[in-house]
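Read the structure below first, then the notes.
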Amino acid sequence: MSALFDELPVILGAFWLTLRLTLATAVAALVLGTVLAAMRVSPLGVLRTVAATYVNALRNTPLTLVIVFCGLGLGLVLDVSFSESLSVNYLWLSIIGLSLYTAAFVCEAIRSGINTVPIGQAEAARALGLTFIQNLRHIVLPQAFRAVIAPLGSVLIALIKNTTIAAAIGVAEASLTMKSLFERHQEAVVPIFLGFALGFLVLTLPVGLLFGWLARRLAVAR
């Protein structure tokens with residue numbers, strides 16, 4: 001137990017990195033996922049095909065492969081760089097990989113919300129002269145987001161846990177730090193494991209409760 005308290009600053013730093021990784025990815029995935037959802041319901045067949053291909057490809061690709069591709073393929077082969085610091089560069093590359101992957105799930109959640117909007121409202125908006133983009137922005141998406149708050153919360157919880165895959169390219173988030181502490185304190189494996197498990201519980205449980213409350217509070221009356 002003393003090892004857990006001795007390494008507390010390291011553990012808190014690892015969870016702070018996990019939190020930053022989650023927040024940056026969540027914002028990027030929400031934006032990209034919304035664009036993909038709009039493409040999937042677009043009147044243009046080309047856009048629907050591109051978005052559907054992207055979503056199906058990413059959802060059926062292991063996240064580890066996506067992260068390794070971003071770290072090695074983009075970082076080493078294509079020499080994509082965001083910073084002279086190797087650790088910072090891999091952090092951003094892992095954000096790219098997590099965002100590309102998570103956006104596919106965000107897209108499907110939002111698309112399911114779009115499908116809950118009565119088609120009559122969209123037809124009425126078109127009759128008033130609104131374009132497809134204006135229709136999405138003012139009529140469809142506001143209702144769709146309110147309808148899928150709970151599913152988006154589930155995606156966010158999955159994202160928090162998926163950040164552990166960033167360890168595959170050396171990002172020192174919580175799981176990689178836990179592995180390092182296991183090697184340094186083999187006599188305290190159980191307390192360290194329980195400490196990290198509690199840390200993830202502290203991150204995920206409030207998210208589930210918050211999104212559950214928001215889903216009930218902002219539910220669209222039909």
Side-chain angles (χ1 to χ4, degrees), residues 11-12 14-41 51-52 54-64 66-67 70 91-92 94-118 121 136-167 171 173-175 178 194-222:
I11 295 172
L12 292 178
F15 274 106
W16 171 236
L17 183 58
T18 293
L19 187 59
R20 288 159 52 199
L21 191 58
T22 299
L23 292 177
T25 300
V27 172
L30 181 62
V31 173
L32 179 56
T34 302
V35 172
L36 288 169
M39 292 172 63
R40 293 215 65 178
V41 298
Y54 176 94
V55 169
N56 290 326
L58 267 293
R59 290 181 71 189
N60 291 285
T61 301
L63 177 56
T64 303
V66 176
I67 295 295
C70 290
L91 173 63
W92 282 107
S94 64
I95 289 173
I96 291 175
L98 285 167
S99 300
L100 293 175
Y101 181 81
T102 307
F105 294 89
V106 171
C107 168
E108 290 303 276
I110 295 176
R111 187 168 73 99
S112 69
I114 291 175
N115 290 335
T116 66
V117 180
Q121 295 190 21
L136 278 178
R137 178 182 175 185
H138 298 292
I139 307 298
V140 177
L141 285 181
Q143 296 182 68
F145 276 116
R146 292 175 64 181
V148 297
I149 290 175
L152 287 178
S154 297
V155 173
L156 181 57
I157 290 173
L159 171 59
I160 293 173
K161 294 182 286 187
N162 285 342
T163 57
T164 58
I165 306 298
V171 177
E173 44 66 64
S175 68
M178 182 177 67
L194 292 177
F196 276 89
L198 178 62
F200 274 103
L201 188 63
V202 168
L203 290 180
T204 56
L205 186 57
V207 170
L209 294 175
L210 174 62
F211 275 78
W213 176 80
L214 288 175
R216 295 188 298 271
R217 181 73 174 80
L218 301 176
V220 179
R222 299 296 185 191

Got a donor-acceptor contact below 3.5 angstrom from the Y54 side chain to the L100 backbone? yes

Distance-minimising heavy-atom pair for A37 and C107: N-SG, 3.5 Å

When you look at Y101 and I165, which way does the side-chain contact (heavy atoms from CB on, under 4.5 Å) test go after all the steps? CA-CA 12 Å; Y101 181 81; I165 306 298; over 6 Å; no

Work out which heavy atom in Q143 is nearest to a heavy atom in I139; give both atom names and the distance. NE2-O, 3.0 Å

OG1-CG distance between T25 and N162, expressed to the nearest 0.5 angstrom: 10.0 Å

Within a 6.0 Å radius of atom CZ on R20, are there more than 12 heavy atoms belonging to other residues, nucleotides or ligands? yes

Can you name the nearest heavy-atom pair linking M39 to A51, along with the distance? CB-CB, 3.7 Å

So T22 and L156, side-chain contact (heavy atoms from CB on, under 4.5 Å) or not? Walk me through it. CA-CA 8 Å; T22 299; L156 181 57; 3.9 Å; yes

Sort out for me which residue in L159, L152, V31, V148 forms a side chain to side chain contact (heavy atoms under 4.5 Å, CB included) with V106. L152

What are the two closest heavy atoms between I96 and C70, and how far apart are they? CG2-SG, 4.2 Å

Rounded to the nearest 0.5 Å, what separation is found between the CG atom of L17 and the CG atom of L91? 5.5 Å

Separation between CG (L198) and CZ (F15), nearest 0.5 Å, reads 8.0 Å

Atom pair CD1 (I157) and CZ (F211), whose distance is rounded to the nearest 0.5 Å: 8.5 Å

Using 0.5 Å steps for rounding, measure from the CD1 atom of I95 to the CG atom of L21. 5.5 Å

The side chain to side chain contact (heavy atoms under 4.5 Å, CB included) partner of R40 among V35, V55, I110 is V55

For L32 and S99, run side-chain contact (heavy atoms from CB on, under 4.5 Å): C-alpha distance rounded to whole Å, both residues' side-chain angles, the deciding distance at 0.1 Å, then the answer. CA-CA 8 Å; L32 179 56; S99 300; 5.8 Å; no

Looking only at non-hydrogen atoms, find the nearest pair between A166 and I67 and report the distance. CA-CG2, 4.3 Å

Residues T34, L30; criterion side-chain contact (heavy atoms from CB on, under 4.5 Å); working and verdict: CA-CA 6 Å; T34 302; L30 181 62; 4.2 Å; yes

Distance, nearest 0.5 Å, that separates CG of L210 from CG of L205: 11.0 Å

Looking only at heavy atoms, what is the nearest atom pair of F200 and I160, with distance? CE2-O, 3.8 Å

Taking E108 for the side chain and A104 for the main chain, is one N or O donor matched with an acceptor at less than 3.5 Å? no

